[in-house]
Amino acid sequence: MYQQETINPYGSGTKATQVEQMFDNIASTYDTLNHRLSWDIDRGWRKKAIQQLVPYQPQTILDIATGTGDFAILAANMLHPSRLIGADISEGMMNIGREKVKKKGLQNIISFEKEDCTALSYSDDSFDAVTAAFGIRNFADLDQGLKEICRILKKGGHLSIVELTSPISFPMRQLFYIYAHTVLPIYGRLISKDASAYSYLTKTIEAFPQGEQMVDILKEAGFSNAKFKRLTFGICTMYFATK
């Protein structure tokens, strides 16, 4: 079992409540910062993660920790499901997602629902696929969250994750450390006006399990097999698991 470090961006209350508050606060600048801080490379990472699902043609999809819905919209355009739900704890983020979906005319396919990832409201075996982009590391309880994802997936269903990680090889490990502890929090604070949000981001990346350790956690959560692939020198990692 993964012993998750408690990282509190605002210093009091539960992690889930604090994460909700933080993302509500930065919702209006979240997309801009994501793209700028990754030099737009995050767009390519998202596409690769969704491409993992293309051969399986899932018709019912849950995008967990959906944020402002970018991953959900991309999944709808690439996979053409009959139904896609974006779930998150932050209404501020999802409200932006709802406006995006409306502008793109996808409201008949994509809907948004506030959900606790550790206690999802959906029935067992409800979805063909679950996706998650840059949100798994914010789960208050990673083990329980992954068990819930496994529960609501149909037998043979798939989980596709793309997540920020710390590079493991020289010199990218050292360069990323410098970037994550200087440029990222300073620039994030200037744009978002939130002093805690992007320091919190750095801490979650460094504390989160990755690679082989994450694969083991996925299997312990109930997935029959799991694999990973590092992208862009290990700054990002894709995971793919089957129930």
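Given the structure is predicted, the values throughout are model-derived calculations rather than measurements.
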> So which heavy atom on F223 is nearest to which on L153, and how close?
Replying inline: CE2-CD1, 3.6 Å
> So if you build clusters from Ile, Leu, Val, Met, Phe, Trp, Tyr with side-chain heavy-atom gaps below 4.5 Å, do V54 and I73 land together?
Replying inline: yes
>> Under a 3.5 Å distance rule, please check whether T242 uses its side chain to pair with a backbone N or O of S224 as donor and acceptor.
In response: no
>> For a 4.5 angstrom cut-off between non-hydrogen side-chain atoms, does K48 reach L231?
In response: yes
>> Between W45 and F134, is the side-chain contact (heavy atoms from CB on, under 4.5 Å) condition met? List the steps.
In response: CA-CA 10 Å; W45 294 336; F134 315 119; 3.7 Å; yes
> Under the 3.5 angstrom rule, does the side chain of E113 hit a backbone N or O of I85 as a donor-acceptor pair?
Replying inline: no
>> If I compare all heavy atoms of F233 with all of M172, which pair ends up nearest, and what's the gap?
In response: CB-CG, 3.5 Å
> Out of curiosity, does Y177 fall in the hydrophobic cluster containing I168 (side-chain heavy atoms, cut-off under 4.5 Å, transitive links)?
Replying inline: no
> Any donor and acceptor pair, going by atom type alone, linking the side chain of Q210 with main-chain N or O of T165 inside 3.5 Å?
Replying inline: no
> What is the distance from atom NZ of K47 to atom CG of N77, rounded to the nearest 0.5 Å?
Replying inline: 10.5 Å
> For T66 and G86, which heavy atoms make the closest approach, and how far apart are they?
Replying inline: CG2-C, 3.5 Å
> For the atom pair OG (S169) and CD (Q174), what is the distance rounded to the nearest 0.5 Å?
Replying inline: 9.5 Å
> Should T118 and D141 be marked as a side-chain hydrogen bond (donor to acceptor under 3.5 Å, both in side chains) after you check the CA-CA gap, both sets of side-chain angles, and the distance that decides it?
Replying inline: CA-CA 7 Å; T118 64; D141 186 328; over 6 Å; no
> Is there a donor-acceptor contact under 3.5 Å from the side chain of S82 to the main chain of Q59?
Replying inline: yes
>> Treating S160 as the side-chain partner and A49 as the backbone partner, does any N or O pair qualify as donor plus acceptor under 3.5 Å?
In response: yes
> With side chains defined as the heavy atoms from C-beta onward, is the minimum distance between S123 and I152 less than 4.5 Å?
Replying inline: no
> Could you state the interatomic distance from CG (L84) to CG (L79), rounded to the nearest 0.5 Å?
Replying inline: 8.5 Å
> Is a donor on one side and an acceptor on the other found under 3.5 Å between the side chain of R137 and the backbone of T204?
Replying inline: no
> Does the salt bridge (Lys or Arg N to Asp or Glu O under 4.0 Å) test come out yes or no for K100 and D70, once each step is laid out?
Replying inline: CA-CA 8 Å; K100 291 183 188 177; D70 275 1; 2.5 Å; yes
>> Looking at K243 and K155, would you say the former's side chain and the latter's main chain have a donor-acceptor pair under 3.5 Å?
In response: no
>> Treating T60 as the side-chain partner and D128 as the backbone partner, does any N or O pair qualify as donor plus acceptor under 3.5 Å?
In response: yes
> Between T131 and L62, is any pair of side-chain heavy atoms under 4.5 Å apart?
Replying inline: no
>> Please check: side-chain N/O of T232 versus main-chain N/O of I235, any donor-acceptor pairing under 3.5 Å?
In response: no
>> Evaluate V130 against I61 for side-chain contact (heavy atoms from CB on, under 4.5 Å), listing each step before the verdict.
In response: CA-CA 6 Å; V130 175; I61 301 173; over 6 Å; no
> Once the angle between the rings of H158 and Y56 is folded into 0 to 90°, is it parallel (under 30°), tilted (30 to 60°) or perpendicular (over 60°)?
Replying inline: tilted
> Are N108 and R83 side-chain neighbours, meaning at least one heavy-atom pair lies under 4.5 Å?
Replying inline: no
> Which heavy atom of L120 sits nearest a heavy atom of I149, and at what distance?
Replying inline: CD1-N, 4.4 Å
>> What's the separation between atom CD in E163 and atom CE in M238, rounded to the nearest 0.5 Å?
In response: 13.0 Å
>> Walk me through whether F112 and E91 qualify under side-chain contact (heavy atoms from CB on, under 4.5 Å).
In response: CA-CA 9 Å; F112 291 88; E91 285 287 0; over 6 Å; no
> Checking salt bridge (Lys or Arg N to Asp or Glu O under 4.0 Å) for the pair K147/D143: CA distance, chi angles, key distance, verdict?
Replying inline: CA-CA 6 Å; K147 287 176 183 176; D143 292 317; over 6 Å; no
> Going from OG1 on T68 to CG on D88, what distance comes out if it is rounded to the nearest 0.5 angstrom?
Replying inline: 9.0 Å
> Passes side-chain contact (heavy atoms from CB on, under 4.5 Å), H181 versus E206? Steps please.
Replying inline: CA-CA 11 Å; H181 285 266; E206 293 176 340; 2.6 Å; yes
>> My understanding is that only residues two or more places apart in sequence, or in another chain, count here; which of them pass ring pair (Phe, Tyr, Trp, His ring centres under 6.0 Å) with Y239?
In response: none
>> With salt bridge (Lys or Arg N to Asp or Glu O under 4.0 Å) as the criterion, how do R151 and E148 come out once you've worked through the C-alpha distance, each side chain's angles and the decisive distance to 0.1 Å?
In response: CA-CA 5 Å; R151 178 185 66 79; E148 278 291 277; 2.9 Å; yes
>> Can you confirm whether V101 sits close enough to R98 that some side-chain heavy atom of one is under 4.5 Å from a side-chain heavy atom of the other?
In response: no
>> Show the nearest heavy-atom pair for residues A226 and V215, with the distance to one decimal.
In response: O-CG1, 3.7 Å
> Would you say S126's side chain and Y122's backbone share a donor-acceptor pair under 3.5 angstrom?
Replying inline: no
> Does some side-chain heavy atom of F176 sit less than 4.5 Å from a side-chain heavy atom of I205?
Replying inline: yes
> From I110 CD1 over to K104 NZ, what is the distance, rounded to the nearest 0.5 angstrom?
Replying inline: 9.5 Å
> Of the non-hydrogen atoms in D116 and I89, which two are nearest, and what is the gap between them?
Replying inline: CA-CG2, 4.4 Å
> Less than 4.5 Å apart, any side-chain heavy atom of F240 and any of N225?
Replying inline: no
